[in-house]
Amino acid sequence: MRSWASPPVSTAARDRLGVAPPLSLYDARTDGLEPTKPGGEARLYVCGITPYDATHLGHAATYLAFDLAIRAWREAGQEVRYVQNVTDVDDPLLERATTTGQDWMALAERETEMFRQDMAALDMIAPDVFAGAVESIPHIVDLIERLHEQGAVYAVEGDLYFSVKADPAFGSVSGLSESDMLSRFAEHGGDPERPGKRDPLDCLLWQQHRDGEPAWETELGTGRPGWHIECAAIARHHLGSGFDIQGGGSDLLFPHHEMSASEAQVAYPDDIYARGYAHAGMVGYQGHKMSKSRGNLVLVSRLRADGVDPRAIRLSLLAHHYRESWEWTDETLTVGEKRLDSWVDAVARGGVDATAVAADIRGMLSEDLNAPAALDAVDAWALDDGEVVDGSAELVTDVVEASLGIRLMSDHSNGR
Ligand code: 5CA
Ligand code: ZN
């Protein structure tokens, strides 16, 4: 489907300072900081929205983490291929459409469009491929057929399941115990108790048509795809094997990323699926994880409609390390707004020599995207009332734009 227009990303900092250090990211599988492969093209898959009630600040924080990674790769001299999906058919979307009396497709289209506008306003680099589940059904069917050839598929009352026992490495992405897997599976859309399953953790690949639900006629019968296979199929099709990072929020580590990885691994036994798994922490609000199902949302579109500068929203989110889980409050936004004013003023005034600060910021981001440290470094430069050095404001502007995605000089008005 259509993506959104990417913001311009200046290469002035890279031209002036040379390439930044290669990016290292914390990997869920090894539980440690891992260098991403330097040189050449970096390939990234990030799990996209299920389009109802988008875009809340939790979504924005997760996509911002991966936007920073793309910027860090580019600063390190790498090209990036970026794929993101849209789960435009799934249980929660269909349930919302039914309870509110809307057409599910119209709901998905409207929320996806809102998401595009929010992402563009927040200066998020757009994916090269923005793929819906519905348009990807042929790739999903192909992958399920491959799994079938590997003997990893069975039917329960017409629904097709993936047998996790077909993957000897099942569990290695999350490293969770069997009992933790079972409880998380039940919490995140799984059906451990369904009679007829061979293993409680086996997950749905293809759901046979049910009355009142959308369905597609395919070689697998008439029905619709399960969730995990959607991402495995889209990622494999558009990125090939051995792509660098599978990303998303930490709520997706298990079962979603474990299952997708397992399915892809069994379907293509000789290939690696993702080399690394990176997760953003959860943003909370009013004491709970911000979530569509709970309804405790702060929407990006609401803040924009209230006249908040999207750059201040971005700075508010950047004040928290991407792996941290934290709680949004009104104060979070006030701090972001003040910081934006302070930076814009400092750049207009000119500042002290910025050569060291510029190098520091790029170094901080290359090491597990330490945006809070980078913000502190810019704050210190902005507050330093020492002798003004020609060109330092331009250098700070270039680095802040390239690495943090905050445009300090051009004219910014709300609702871009
Ligand atoms: N469509 C699936 C992924 S394939 C999905 O999880 N959709 S979602 O709309 O629920 O979430 C979209 C993305 O935002 C996911 O990467 C998810 O991990 C992330 N996310 C959801 N809620 C939060 C939150 N409160 N804080 C941070 N990230 C969140
Ligand atoms: Zn996904």
Side-chain angles (χ1 to χ4, degrees), residues 28 44-67 69 83-96 107-108 111-112 114-115 118-119 122 124 127 129-134 136 140 143 173 184 187-189 203 225-239 243 245-264 273-274 277-300 316-317 320-328 332:
L44 171 69
Y45 183 87
V46 180
C47 282
I49 55 162
T50 305
Y52 68 100
D53 274 354
T55 314
H56 64 62
L57 290 170
H59 299 139
T62 287
Y63 298 114
L64 182 54
F66 296 99
D67 176 271
V83 178
Q84 189 184 123
N85 70 307
V86 179
T87 308
D88 56 1
V89 62
D90 199 13
D91 296 345
L93 170 72
L94 298 175
E95 280 160 21
R96 174 60 64 89
L107 171 63
E111 294 297 321
T112 305
M114 185 76 100
F115 177 72
D118 289 336
M119 291 294 106
L122 291 171
M124 301 278 196
V129 177
F130 192 45
V134 171
S136 305
I140 297 172
L143 197 61
V173 172
R184 289 189 64 146
E187 278 165 32
H188 291 92
C203 69
W227 173 31
H228 314 305
I229 195 76
E230 165 194 341
C231 284
I234 296 174
R236 272 254 11 157
H237 181 76
H238 294 287
L239 291 173
F243 61 91
I245 296 293
Q246 155 76 74
S250 59
D251 55 337
L252 300 185
L253 172 62
F254 194 92
H256 187 50
H257 290 168
E258 188 81 61
M259 294 294 182
S260 300
S262 225
E263 290 165 352
Y273 178 57
Y277 294 80
H279 296 102
M282 289 293 109
V283 178
Y285 186 55
Q286 299 171 334
H288 295 277
K289 171 193 158 187
M290 204 178 277
S291 73
K292 292 174 288 200
S293 48
R294 185 176 280 275
N296 58 333
L297 307 180
V298 180
L299 297 178
V300 173
S316 304
L317 300 172
H320 303 268
H321 191 271
Y322 80 96
R323 285 204 283 124
E324 197 188 310
S325 288
W326 54 280
E327 171 112 357
W328 176 271
T332 318

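Keep in mind that the numbers below use all heavy atoms, side chains included, and drop hydrogens, waters and symmetry copies. Numbering of ligands and ligand atoms starts at 1, following listing order.
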Could you list the atoms of ligand 1 found under 4.0 angstrom from a heavy atom of [X]?
X	answer
K289	22 (N), 25 (N)
T87	1 (N), 2 (C), 4 (S)
G281	26 (N), 27 (C)

What protein heavy atom lies closest to [atom]? Include the residue and the distance to one decimal.
atom	value
atom 10 (O) of ligand 1	K292 NZ, 3.5 Å
atom 16 (O) of ligand 1	G249 N, 3.2 Å
atom 14 (O) of ligand 1	H59 CD2, 3.3 Å
atom 26 (N) of ligand 1	V283 N, 2.9 Å

Got an N/O contact under 3.5 Å between H256 and ligand 1?
->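 No, no N or O pair falls under 3.5 Å.
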Short N or O distance, M290 and ligand 1, threshold 3.5 Å exclusive =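 Min N/O separation from ligand 1 is below 3.5 Å for M290.
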Proximity to ligand 1 by part of [X], non-hydrogen separation under 4.0 Å:
X	value
C231	side chain
V46	neither
T62	side chain
L252	side chain

From the options A54, G48, G248, S291, select the one whose nearest heavy atom is closest to atom 2 (C) of ligand 1.
->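 Answer by nearest heavy atom: G48.
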Using the side-chain hydrogen bond (donor to acceptor under 3.5 Å, both in side chains) rule, pick out the option among D53, D91, T50 that qualifies with R96.
->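 Exactly one pass, corresponding to D53.
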Please assess H257 against H228 for the test side-chain hydrogen bond (donor to acceptor under 3.5 Å, both in side chains), listing each intermediate value before the final yes or no.
-> CA-CA 7 Å; H257 290 168; H228 314 305; over 6 Å; no
Residue among D88, T87, V86 satisfying side-chain contact (heavy atoms from CB on, under 4.5 Å) with V134 |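 It is D88; the other options fail the test.
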So, the side chain of E327 versus the backbone of Q286: is there a donor-acceptor pair under 3.5 Å, distance only?
->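 Yes: the side chain of E327 pairs with the backbone of Q286.
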Less than 2.8 Å from the Zn ion (ligand 2) is the window; count the protein N, O or S atoms in it.
->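 Protein heteroatoms (N, O, S) closer than 2.8 Å to the Zn ion (ligand 2) number 3.
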Please check if the distance between the ring centroids of F66 and Y45 is under 6.0 Å.
->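 Centroid separation for F66 and Y45: 6.0 Å or greater.
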